[in-house]
Amino acid sequence: MPFHIFNTLSRTVEEFTPQNPPEVTLYSCGPTVYLPQHLGNFRTFLCWDFLKRALKFDGYRVRQVMNITDVGHLTSDEDAGEDKIEKTARAEGKSPLEVANHYTELFLADWDRLNMERPERFSRATEHIAEMIALIEKIIAAGYAYVTKSGVYFDVEKYRGENRFGRLSRQSLDEQHAGNRLEHSPDKHNPHDFALWVLNQPNHILQWPTPWGPGYPGWHIECSAMAMKYLGETIDIHTGGMDHIPIHHENEIAQSESATHKPFVRYFVHSAFLVGKTGAKISKSAGKFPLLSDLPGAGIDPLAFRIFCFSAKYRSELVFSDDGLRAAQGNLDYFREFSRNVPPEAAAPGAETPGWAADYYERFHEALDNDLNTPQALAVALDLVAESYRRKDFGAWPTLIALDAVLGLELSRYRETALGATISADAQKLMDERAEARRSRNFQQADELRKQLETMGYEVKDNRDGGAEYRRRQV
RNA sequence: GGCGGCGUACCCAAGUGGUUAAGGGAGAGGUCUGCAAAACCUCCAUGCAUCGGUUCGAAUCCGAUCGCCGCCUCCA
């Protein structure tokens, strides 16, 4: 079965075909770096990591670009708003650049902890000002934008005349207008027009010279400019959170297509939110939000959060809970335990894979091809391990490693580290003492020694024959 | 007010017209064990918010009702 994915443009699951197979161009909306990225943000980014790995599993070569927004997003759409990065900068007594750099570093560190593949390129908005200006000039030349004192605005009314606006959100402008409670800049020809470039805001710290005067970019133009620069005028897949459908992506399409007269995106893919117990989404503006760095203290490995997200479909809201995280941690431990139990001969290069394992590979593959059904794929992977235990046949190890290319748990590396761990002389002494205690049936002392070893970071597993296995616990 | 989505067991979560409603976690029992741990086995929704309708057949389609949430301001 070829890869299938839900395309927001058609609101149906479609067979996926890239423009130039086997290459796939993928643009993913990234973070604005004025605060730490919370777990809700990472849920979305993980979805795209799963997508990318699934495409590669299918044999595609994926070229992914993700923006890092380090300027421009205002606290409101109107020019009266405050730049979020500048707001943090003022609060922390730093420059906007320092703020952006700091939160970018945090973001990338967490990214790596979740074992997400880095995009082929992270692109920063402030490093692509020239491209944005060039694109805006193109839009003006095409007659879809106009220059005023307060900014360069996109002419939605003109674009709408071609009946192309609102394709994504299925919402007419008049409907949007019905509940609009914002004040509009008097320079706009129409309330729906949005800023491509903001002018005459002297209080804004970051300013760049342009043909229209100094100013800074509007909050949609960077994505169009950078996506087209690195991936071409028509990209295969554009991803983002659900919240981007009605405004951000709608406007991206409008400004891009009015400049190129070509389709901007072939498949729009959107993810649902991570939500709290009440069903309300976890968001930055809510004030309090969970971070990746909160998890280790609760005994949750970052890779367990990876599994947690893998256990729900990208298009379904996922309820964030301690129970859910613990369940995922249990799955991670299960995979890891199995990895350590695989005997060397089954892990040797060229080891033969039993026929029964092929079926699991196929089922895993099919689940992913079916609109990225990661929970089903996870069920297959878990069952592969269970079946191995049932058959007492560890020959499926290479198959599990193949699935791990998408799961992203680095089980092979884990196994090597775990088996290569050395036992300290102190611990070895206790182990010897414990063996002696068990031989003389002094179980009270044996249990005492086990407790000591466990606090030292060793796992103790007694065998039936009176022997025991000691393993250093991996972190 | 407009637009969109959701409601599957104690919790999380697949399934969206057709044999017995995946899987995980929790719980109960069992095998094994000096005890643990690990692993495996068994049990755990005649029912999918409620009520109607369409159909040979519905969790799945249609309608109504109730409840929850998102978007229309920045947000993954």
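In what follows, every chain begins at residue 1, and chains take the letters A, B, ... in the order their sequences are listed.
Within 4.0 Å of A:Tyr389, counting heavy atoms only, lie sugar-phosphate atoms of the nucleic acid but no base atom. Residue contacts for A:Ala386: at a heavy-atom cut-off of 4.0 Å it reaches the sugar-phosphate backbone alone, with no base atom in range. If you check every strand for non-hydrogen atoms under 4.0 Å, A:Tyr334 touches sugar and phosphate atoms only. Here A:His244 lies in heavy-atom contact (under 4.0 Å) with sugar-phosphate atoms only. Within 4.0 Å (heavy atoms only), A:Val275 reaches no atom of the nucleic acid at all.
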Could you list the donor-acceptor pairs under 3.5 angstrom formed by side chains in residues 238-247 of chain A, with sequence neighbours left out?
{"from": "A:His238", "atom 1": "NE2", "to": "A:His249", "atom 2": "NE2", "distance (Å)": "3.3"}
{"from": "A:Thr239", "atom 1": "OG1", "to": "A:Ser28", "atom 2": "OG", "distance (Å)": "2.9"}
{"from": "A:Thr239", "atom 1": "OG1", "to": "A:Trp48", "atom 2": "NE1", "distance (Å)": "3.4"}

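A:Ala396 and A:Ser388 get closest at one heavy-atom pair: CB-OG, 3.8 Å. Among all heavy-atom pairs drawn from A:Arg315 and A:His270, the shortest one is CG-O, 4.0 Å.
Where pairing requires Watson-Crick or G-U contacts shorter than 3.5 Å, the helical stems of RNA chain B with at least three consecutive pairs are B:1-7 with B:66-72, B:10-12 with B:23-25, B:27-31 with B:39-43, B:49-53 with B:61-65.
The phosphate of B:C41 has OP1 or OP2 within less than 4.0 Å of a side-chain N or O from A:Arg390. Phosphate contact (OP1/OP2 of B:C68, side-chain N/O of A:Lys277, threshold under 4.0 Å): absent.
Comparing atom distances between the A:Arg11 side chain and each of B:G4, B:A38, B:C71 picks out B:G4 as nearest. Of the candidates B:G34, B:C12, B:A38, the closest approach to any side-chain atom of A:Glu337 belongs to B:A38. Relative to the side chain of A:Ala280, the nucleotides B:G70, B:A36, B:C12 differ in distance, and B:G70 lies closest. Comparing B:C75, B:A39, B:C72 by their closest approach to the side chain of A:Trp219 singles out B:C75.
Checked for salt-bridge contact, A:Glu337 and A:Arg471 meet the test: a charged N lies under 4.0 Å from a carboxylate O.
With sequence neighbours excluded, the residues forming a salt bridge (Lys or Arg N to Asp or Glu O under 4.0 Å) with A:Glu436 are A:Arg439, listed by chain and number. Annotation: side chain to side chain contact (heavy atoms under 4.5 Å, CB included) contacts of A:Asp432 (sequence neighbours excluded): A:Gln428.
Residue-to-nucleotide proximity on RNA chain B shows that, of A:Gly324 and A:Asp447, the 5′-proximal contact is made by A:Gly324.
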Hey, what are the protein-to-nucleotides 42-44 of chain B N/O distances that come in under 3.5 Å?
none

Margin query: I'd like to compare against my own output: the B/S/- annotation of nucleotides 14-28 of chain B with a strict under-4.0 Å heavy-atom distance to protein.
Written below: SS------BSSS---
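Considering only heavy atoms from C-beta on, A:Phe268 comes within 4.5 Å of A:Asn7 through its side chain.
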